[in-house]
Amino acid sequence: MSRRNARELVLKSLFQMDFSSDTDALTAFGAAKESAVSEEKDSYALTILWGIINQRLAIDKKIKTYTIDWKLERMPAVDRNILRIAVFEMFFATDKLVSSVAINEAVELAKLYGTDDSARFVNGVLGKMVRTDDES
């Protein structure tokens, strides 16, 4: 199974966690999991999910820095969680993803699961993040 499918699984899990205060991460992961999922996909998905959970404050702080006029809690849940996945993969993962790949994957998720404006919003935030990070 592809890493894109793993990201979709993580997105569904994070989305469920946003709206189910009594749901823990593994329950959310299990609920989002489709019937035929390979171990490799599970492993990559769990790496992302646990990474986001463990680094959530730092990830959210980084997102807040680049989303002027947008409070994280007021942002559409799909957009917020897509940004979390991309930021984790670009800046916090042990094996960081190349920024252009992470941004492309995030934009594709936004096209599939977000609103008409989600892809442009996600691309803009992540692009600004990368440009600013490269200048530092």
Side-chain angles (χ1 to χ4, degrees):
M1 291 288 177
S2 71
R3 286 185 170 201
R4 181 171 290 178
N5 290 338
R7 288 181 193 94
E8 288 183 37
L9 183 58
V10 171
L11 177 61
K12 291 173 185 178
S13 299
L14 291 171
F15 187 86
Q16 183 174 346
M17 289 169 62
D18 275 354
F19 295 100
S20 302
S21 58
D22 61 339
T23 304
D24 69 4
L26 284 177
T27 303
F29 181 82
K33 191 173 169 179
E34 296 168 345
S35 58
V37 178
S38 72
E39 274 186 41
E40 181 183 339
K41 180 179 165 185
D42 273 358
S43 176
Y44 189 70
L46 282 171
T47 298
I48 296 172
L49 182 62
W50 285 116
I52 291 169
I53 291 167
N54 291 327
Q55 298 289 331
R56 184 177 233 148
L57 293 176
I59 291 168
D60 286 356
K61 181 178 179 185
K62 190 157 188 77
I63 293 170
K64 287 177 188 177
T65 301
Y66 295 95
T67 53
I68 313 300
D69 298 330
W70 274 99
K71 291 187 178 192
L72 201 59
E73 55 278 355
R74 301 274 302 161
M75 193 180 296
V78 169
D79 297 358
R80 175 178 56 243
N81 287 311
I82 290 171
L83 288 172
R84 285 176 175 153
I85 293 167
V87 168
F88 173 77
E89 288 186 305
M90 289 190 301
F91 299 104
F92 295 93
T94 305
D95 295 322
K96 293 174 181 56
L97 205 55
V98 176
S99 58
S100 60
V101 173
I103 292 170
N104 184 58
E105 290 295 321
V107 168
E108 291 303 316
L109 280 175
K111 287 177 184 176
L112 275 174
Y113 294 100
T115 66
D116 291 340
D117 297 324
S118 293
R120 186 173 38 247
F121 175 72
V122 166
N123 187 52
V125 172
L126 295 174
K128 186 176 180 183
M129 218 178 268
V130 170
R131 282 190 304 275
T132 304
D133 196 55
D134 287 344
E135 293 171 4
S136 304

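All values below were derived from every heavy atom in this structure, side-chain atoms included, with hydrogens, water molecules and symmetry-related copies excluded. Computed from a predicted structure; not experimentally measured.
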message: Keeping N81 on the side-chain end and A77 on the backbone end, is there a donor-acceptor pair under 3.5 Å?
response: yes
- request: Pick out which of V130, L126, V125 makes a side-chain contact (heavy atoms from CB on, under 4.5 Å) with Y66.
  value: V125
- prompt: At what distance, to the nearest 0.5 angstrom, does CZ of R131 lie from OG of S99?
  reply: 11.0 Å
ILVMFWY network linking V122 to V101, side-chain heavy atoms under 4.5 angstrom: no
message: For the CG atom of L14 and the CD1 atom of I53, what is their distance to the nearest 0.5 Å?
response: 7.0 Å
field: Pairing of R56 and D18 as salt bridge, 4.0 angstrom limit
entry: yes
- request: Under the salt bridge (charged side-chain N to carboxylate O under 4.0 Å, His left out) rule, what do R80 and D60 come out as? Steps first, then yes or no, please.
  value: CA-CA 9 Å; R80 175 178 56 243; D60 286 356; over 6 Å; no
- prompt: Got a second to check how far I63's CD1 is from R84's CZ, nearest 0.5 Å?
  reply: 6.0 Å
- line: Nearest heavy-atom contact between S13 and L49 is CB-CD1, 4.2 Å
statement: Scanning both residues in full, the closest heavy-atom pair of A45 with V10 reads O-CG2, 3.2 Å
- prompt: What distance separates F15 CZ from Y113 OH, expressed to the nearest 0.5 Å?
  reply: 11.5 Å
message: Return the CD1 to CD distance between I85 and E8, rounded to the nearest 0.5 Å.
response: 9.5 Å
- prompt: Within a strict 4.5 Å, meaning less than it, do heavy atoms of the M75 and F121 side chains meet?
  reply: yes
- request: Kindly indicate whether the side chain of I52, heavy atoms from C-beta on, has any atom under 4.5 Å from the side chain of F92.
  value: no
Joint cluster assignment, L97 & I59, ILVMFWY side-chain distance < 4.5 Å: no
- prompt: Do the non-hydrogen side-chain atoms of E89 and R7 ever get within less than 4.5 Å of each other?
  reply: yes
- line: Correct closest heavy-atom pair for F88 and G51 would be CE1-CA, 3.4 Å
message: Does K96, at its NZ atom, have more than 12 non-hydrogen atoms belonging to other residues, nucleotides or ligands within less than 6.0 Å?
response: yes
query: How many angstroms lie between CE in M90 and OG in S100, if you round to the nearest 0.5 Å?
result: 10.0 Å
field: With F91 via ring-ring contact (aromatic ring centres under 6.0 Å, His included) - residues at least two apart
entry: none
message: So, using side-chain hydrogen bond (donor to acceptor under 3.5 Å, both in side chains) as the criterion, who are the partners of S118 when residues are at least two apart?
response: D79, T115
